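Below you'll find the structure, written out as structure tokens, and then a few comments.
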Amino acid sequence: MIRRTLDRILEQRLTAYVVVSFILFFLLLPLLWMVLSSFKTMSELFQSPPTYWPHDFTLEAYSQAWNKAPLPTYLLNSTIIALVTVAFTLVAGTFTAYGLSQYKFKGSNTVLTLFIFTRVIPPISLILPFYVVFLKLGLINTRTAVIIYTIYLSYPLMVWLLKGFFDDFPRELIDAAVIDGASRTGTLFRIVLPVTILAIMAVAVMAFMWTWNEFLAPYLFINSDELKPLTVGIYYFVGDELTYWNRMSAAGVIAVIPSITFFILAQKYIVKGLTAGAVKS
Amino acid sequence: MKKGLVLTFVLILVLAVLTACSQPAPTPEVVEKVVEKVVEATPTPVPLQPWEQIKWNEPMPMTERLLADEYVLPEGWQEATAGVDEIVFYNSGGMQGDIATKVNMMIFEQLTGIKLKNIDVGAGFLFAKTLSTLSSKDSSVAIVSHTDAPLELTQTMAAGWHESLDVLWPPEVQALYPKGLVDAIQWEGHFYGTCDTERSYLFFYRPSVLEAIGEPVPETWQDVYRAAKKAREYFVSQGKTDSYGIVFPGDYNLSHMLQAGVYSQGGRVLKNGSWDVMSPEFQNSWEYWVNLVREGIADEAVLGYTWEDYQKTFGLGKAAFMLGFSTYAMQFTNTEAWPELGTDWDVVAPPKWDASQPGSNRAAFIDFDANLINKFAPPKVKAAAMLWFDYRRSKQAQMYEMAVEGNESWLPATYEPDIISKVDWDLVDAAAKELDIKAPPHVTEVPKLEARRASAETTVMEAFPPGSKAALEALIEYYGRAVTGEMEPLEALQAANTDITKYLSPQ
Amino acid sequence: MRLSDSKYGALLSLPGLILLLVLVLIPSGYLFGLSFLRYDNIRPIKFIGLKNYQYMFDDRVFWLSMKNTIIFSMGSTALTFFVGMALAHGLNAMGKGVAIFRSLTVLPWAVPLVISGFIWAWVFNPAFGVFSDILLKLHLIQEPINIFGNPRLAMVGVIVADAWTRIPFMAILILAGLQAISQELYEAAKVDGADVFDRFAYISVPLNRRPILLGLFTTIMFSFRTVDVIFSMTPGGGVAKSTYLGGVYLFDSIFKYLNFGVAAATGVVIFILTLLIGVGFIRMAFGER
């Protein structure tokens, strides 16, 4: 009886909207709270009970955040680190995954398994060895150090996901192209990549996010203000004397705007990409 | 192929393991060097280090240079620091909060032409950042700073990561400073640290609340307990359920509260160089601070309060009492920034335990920031850093800490009534402008100088052995368990003691 | 001249392999090596065999951190999974406007964990936060809840902040899987009289097995070793060490107590544990291959 009633409710299309809206309310509440806080004054922020809509709507926090900390520099650094990491892992990962997927060799399964296993290692435990090695190479306090580390973070999963996409690619098409006289590498570029590009985009966006959000490695590897990415830069709004929640929120809003924009633009590809690859066996 | 591949992996793994195992360990090297130095002290075939070439007692003895109203540079500093134009250092938190440091940086730069470049590191991560720098022998940062010096100093000094500062601390200079500090910055007979800022404790109270509950200014911790209980009842009766009798930190600085309880009974936390938390004094103190929360006189939220949170809570007018940093006696004079508190506050020296104790036991702990030199920095930079340390501990520099930020001075000589007249306020304003913050008020006298002096006279300094950070962690954890009723107070202390014994005994 | 296919494959994968060697194996080997040393930065470094492991296994706090890690990781994964499932199925059932809802779903993904921790700490703040205030206004509670001052609630708080950033990935992954299932299958099932629950149990879940497992696997993996939210919400591991995770134990061993040997041993244990979970999942998801 209950089951029947529930079934009838769940069968309704409206139910989906209600459920999703309900969840989204909780999912977006913190973001909304961050945005609202960023427009409040310090005294309003420390008001109990809290106000919802800012009484004195002010952009002060933004100008403070923008002027006190070199936010544009932080943004630029985050972008550089993320883009280089993505570009590198994308190119290297494509070749690796393509080789592992379409041109199997003895031991290629072992290699693949190793890739998965490396993703499993807790990165925090490798921070110390990395630090020592970077120091010997003179890479401490450079973006390169962070980039190498973030490559280590995203490369294995990238290969793994990409391999899934290539696995689904019909082998006959590749063989046909090769028989027609195309080189194997040419086939990859002319036949395979154009079809799988959406999937690859999806993986690229994910790698971008992972890198963009990385905190601990840049925190420990980088000293100069000119080289810090946003995640580390924002930590500095947690002041010694007072935590400037409004400035933190403002900086947070600035920090997530690029990635959110990027995400909204790319989310179609993410869903499609994941459908095309990782999802199917 | 497959087997070969796996074999290669295993081989590389094993090789890496072996390299790690056979790493020429940094520590023994350093330890040996320290030992060698002691042995080599008499025959000196080694060329002098740059800082040894500085004539620290010229043009006048070191003590006189330090005590002059305007600091005097030692002779030979130019040669020793030739080519150095910048000293990089870690600063705890943002420079915006450290205007006195900024002023001193500007004065030092005017004097020597050497710039100080701060890297701001959030207090929560400063120790981690410092350790990663030192353990990897990173030479780019010359000066590191410990904000929890009494707990942290011994760890990095024992690791041998610092340059010895023996040239800065001859006996006559040691005599100028409190013995507690001098003891704390040494390790195995060598000096490694110097003081940056320090904060002693004062007892803050709100006269209006005392009046409302009909209590005099508390003299003993027992008075405090009784009055705080009444204050809480009073607040509740007024409908201010978010205000409490007393506020204090349940975070790292909890140890300072426990210590205040111990010192006010004439006890000490350390016995034979190790934590003695089962002493009667410590047990009393422990139960005292646990019961404050258990009886609802203090908010359970204090468990999560840092040094900053709890003093802010007092500043927001949500508590009748606190044992707070003397620095806040300066901050609260700015009534605009603390409208809820306004002028409704005052300070006295920390209470003694009970009426039977002598006045000299109106004692609390003293907390200080220490600066140390990264051993791996280039020699000339190290010499420059020592010059900066020399200036930093001088009367002139300490005066700015006191007048501009309200920090205490390590130099008793700084506590002169007319000290404020020597402050160059134009410079302070310029520093504020550079930091883009509001200029501090141009005070004409250091607020509450008497209470400060009284507190500074009785304050107790203990330097804790390596492993103490873990010991403190255990205390904090079990304090939480005791406060929330998960364990009985003394049962929790006993359990903490078991952990502490383990942490302090070598592996 | 032409390379054989298998050699070509090996050639293509070679750069990746080298990268793997350099970036992962060497530091890992280094880690294993360190775990056998007495390396406390006070006394000379010495080979001490398994003493670090012994010390660690004797340490009450280590076990506490392991227990917390398991609670945290399970809690975070469960929350992520259930909310993610609900969202994905809801989105899949939607018609018009699905693109907007989907865009909104992914937003928290874009927020770095550190920032997520800060936001949630602010939301949960008993005096100034929105969480207690809403509950107060709804008369669900009488007094503001101080999540992080309470050892029992602190864990819930960090789990929420952690799961929050992971839900979108889970939802999108499952949604992608659902969209790959042919609509005709559902129609056919409907004709046969299968209700929502039957279709969920016999179509949506079994046919979507791989994305679900992948999502679970990634979430467990990531949450098992996370430290970011702890740093920004309950620095030091919370009241009475209620949110003290294995990662924090490791971090503290290095950066608070300077005991690199014990830190390495902890790293090895977490390494092996995550590996076991990983292998289990990979077996489950791809066992048939």
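Please read these numbers as outputs of a predicted model, since none were measured by experiment. Per chain, numbering begins at 1; letters A, B, ... match sequence-line order.
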Nearest heavy atoms of [X] and [Y], plus distance in Å:
X: B:Ala301; Y: C:Asn146; result: CB-ND2, 2.9 Å
X: B:Gln155; Y: C:Tyr257; result: OE1-CA, 4.1 Å
X: C:Ile254; Y: B:Leu131; result: O-CD1, 3.6 Å

Legend entry - Residue part contacting chain B, namely of C:Leu64, when any heavy atom lies under 4.5 Å: side chain

Inset, instruction - Please examine the side chains of B:Glu473 and C:Val61, heavy atoms only from C-beta on, and report whether any two atoms are closer than 4.5 Å. - result: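 The answer is no, as the side chains (C-beta and beyond) never meet within the 4.5 Å cut-off.
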
Inset, instruction - With the side chain counted from C-beta on, respond yes when B:Phe127 and C:Leu258 share a heavy-atom pair under 4.5 Å apart, and no when they do not. - result: yes

Which atoms of [X] approach chain C - backbone, side chain, both or neither, heavy atom under 4.5 Å:
X: B:Glu152; answer: neither
X: B:Ala474; answer: backbone
X: B:Tyr479; answer: neither
X: B:Tyr252; answer: side chain

Legend entry - Within 6.0 angstrom of B:Gln238 CD, more than 12 heavy atoms from elsewhere: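 Atom CD in B:Gln238 is packed in, count exceeds 12.
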
Inset, instruction - Considering only heavy atoms, give the residues of residues 485-501 of chain B separated from chain C by less than 4.5 Å, sorted numerically, with 'none' for an empty result. - result: B:Asp499

For residues 129-141 of chain C, please give each side-chain donor-acceptor pair under 3.5 Å, one per line with the distance, not counting sequence neighbours.
from	atom 1	to	atom 2	distance (Å)
C:Ser132	OG	C:Ile145	N	3.0
C:Ser132	OG	C:Ile145	O	3.3
C:Asp133	OD2	A:Tyr52	OH	2.8
C:Asp133	OD2	C:Lys137	NZ	2.8

